[in-house]
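For reference, the structure discussed in these notes is given below.
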2 protein chains.
Amino acid sequence: MKVSTKGRYALRMMLDLAQHYEEGFISLKDISKRQEISKKYLEQIIIIINKPDFLKTNRGSQGGYKLAKSPSEYTVGDILRLTEGSLSPVDCVDNPSECERYAGCLTLPVWKHLSEIINDYLDSVTLQDILDTQQEEYAINYVI
Amino acid sequence: MKVSTKGRYALRMMLDLAQHYEEGFISLKDISKRQEISKKYLEQIIIIINKPDFLKTNRGSQGGYKLAKSPSEYTVGDILRLTEGSLSPVDCVDNPSECERYAGCLTLPVWKHLSEIINDYLDSVTLQDILDTQQEEYAINYVI
DNA sequence: GCAAATTCCTATCTGTTCAGTAGATAATAT
DNA sequence: ATATTATCTACTGAACAGATAGGAATTTGC
C-alpha cells in the first residue's frame, strides 16, 4: 500500500513547475537541484507525465518544461494515476470479471469503497491547493 | 498502492473463520479448500495474524484455528495493519523526522490526510459488517 | 501406545518490480 | 558552431512477491 518514488517524485516535479509557473521553461537540471533528486531518474519519470495536455516542452538551450494549464487544473489524482497506473487497492476493482470469485466475493465491496475514497480525496486536491496551504495548513495537519 | 496477497488472503481467512465461528476449531485444510488458496501459503500468512488476542489455536487431530473474539470486534484495519505493516501511503507519515525535507515538505499534509482517510475507513468496517452486507450491499455498491 | 491429523518451523526458488546509473542522439537558442 | 537541453535505449543490483517443499512437534481418537 505504498506510493512509489515515481509517483512521489512526479508530484514534487509538478509542484516545482507550479511554483515557477511564471518563469517560462524550467530545466530538469534546476528541478533536480531544488528537489535533490537525480536528474537522470527525473528524466525517466517525466516521460510518463509528459502528455500534450499536461506539459509543454522545449529542447535545446534555455529549454525545459512548463505546465500546459494553470496549477488549479491538475489534481493529485491525475498525476498519480499516470505514474502509478491505477490507485485502486486491488486489481479486481478495475476488472472484476477477471476474477472467477467476484460474483460472491465478500471483500470486493470493501475494496471498491476504499478505492472510491482514495480517488475522491486525491481528485479533490489540486496543485494550487497545495501551494496555498504552505506552512499554515501544514501546521494544522501536523497537530492532528 | 496495492494490497498484497498476504493482506487479501488474511482477510479472507478471517472472514472464513467468522463464517464458521460456531463450529469450533477450523483447519487450514478446510479454509484452503473453500477459499481455493494453497494451504502451504496460508500457513505462512496465518502465522502473522496468530496473536493470542486474535486467534485461538489447537494442534493435532481435530485441531485448527478459531477467532478469539466475536466477528464484530475485528476491523479490516486491524487485520491489514498486521499483514501489511502500515497502511500509510508513504513511510514519512509514520516517521517524519527520518526525512530531512519534512520540515517544509509541501506534500506531507496530503499524504497525512490520505493516510487518515484510509485508516479511518478500514477501522470502521468489522468482519461482522462484511458478513451482514452479503449479497444485498454488494449489489448496491456494484451499481455505484 | 500407535496412527492419523494438524500446526509449526526453516529453507529455497522464480519472476518481477524498485530505484537508479550510463551513454549516446536529436533539437534549439545564442 | 557551440553549449545546452530534452529524448531514447540499455543495463544493473537489490529487494520483494508469491509461492513450494520437507520435516518436526503436538494432539486426538482408537
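Convention: sequence-line order gives letters A, B, ...; per-chain numbering from 1.
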d(CD, Glu43(B); P, dA25(D)) in whole Å: 16 Å
What does Ile46(B) touch in the nucleic acid at a heavy-atom separation under 4.0 angstrom: a base, only the sugar-phosphate, or nothing? nothing
Can you check the Ile45(A) CD1 to dT7(D) C1' distance for me, whole Å? 15 Å
Spacing of Tyr41(A) atom OH relative to dT7(D) atom P, expressed in whole Å: 18 Å
Atom CG of Leu42(A) to atom P of dT5(D): distance rounded to whole Å? 15 Å
Check: Ser70(A) and Tyr21(A) side chains under 4.5 Å, non-hydrogen atoms: yes
Please find the pair of heavy atoms, one from Tyr74(A) and one from Phe54(A), that lie closest to each other, and give the distance. OH-O, 2.6 Å
Start with the C-alpha gap between Ile79(A) and Leu127(A), add the side-chain angles, then the distance that decides, and say whether side-chain contact (heavy atoms from CB on, under 4.5 Å) holds. CA-CA 10 Å; Ile79(A) 297 161; Leu127(A) 293 182; 3.8 Å; yes
Under 4.0 Å: is that the gap between some side-chain N or O of Tyr9(B) and OP1 or OP2 of dA19(D)? yes
Are any non-hydrogen side-chain atoms of His20(B) and Asp16(B) less than 4.5 angstrom apart? yes
How is Tyr65(A) classified with respect to the nucleic acid when contacts are heavy atoms under 4.0 Å: base, sugar-phosphate, or nothing? sugar-phosphate
With side chains defined as the heavy atoms from C-beta onward, is the minimum distance between Tyr65(B) and Ile31(B) less than 4.5 Å? no
NZ of Lys29(B) versus P of dT28(D): gap in Å, rounded? 17 Å
With a 4.5 Å cut-off on side-chain heavy atoms, are Leu55(B) and Met13(B) touching? no
Select from Lys6(A) and Gly63(B) the residue whose nearest nucleotide in DNA chain C is closer to the 5' end of that strand. Gly63(B)
Can a side chain N or O of Ser38(B) be found less than 4.0 Å away from OP1 or OP2 on dT20(D)? yes
Atom CG of Asn50(A) to atom C1' of dT7(D): distance rounded to whole Å? 10 Å
Minimum heavy-atom distance between Asp123(A) and Asp78(A), given as atom pair plus value: OD1-N, 4.0 Å
Counting any heavy atom closer than 4.0 Å, what does Leu28(B) reach on the DNA or RNA strands: base, sugar-phosphate only, or nothing? sugar-phosphate
With heavy atoms under 4.0 Å as the rule, sort Lys2(B) into base, sugar-phosphate or nothing. nothing
Return the minimal non-hydrogen interatomic distance between Ile118(B) and Leu87(B), and the atom names on each side. CG2-O, 4.2 Å
Contacts of Lys40(B) and Arg8(B) projected onto DNA chain D by closest heavy atom; the upstream (5') one is Arg8(B)
Between NZ of Lys39(B) and C1' of dA19(D) the distance, given in whole Å, is 15 Å
For DNA chain D, what residues of residues 52-62 of chain A have any heavy atom nearer than 4.0 Å? Thr57(A), Asn58(A), Arg59(A), Gly60(A), Ser61(A)
Could you walk me through whether Lys2(B) and Ser86(A) satisfy the side-chain contact (heavy atoms from CB on, under 4.5 Å) test, starting with their C-alpha distance in whole Å, then the side-chain angles of each, then the deciding distance to 0.1 Å, before giving a yes or no? CA-CA 9 Å; Lys2(B) 293 286 182 254; Ser86(A) 156; 3.9 Å; yes
Please list, in 5' to 3' order, the outermost nucleotides of DNA chain C lying under 4.0 Å from any heavy atom of chain B. dA5(C) to dA11(C)
Lys/Arg N to Asp/Glu carboxylate O, Lys112(B) vs Glu116(B), below 4.0 Å: no
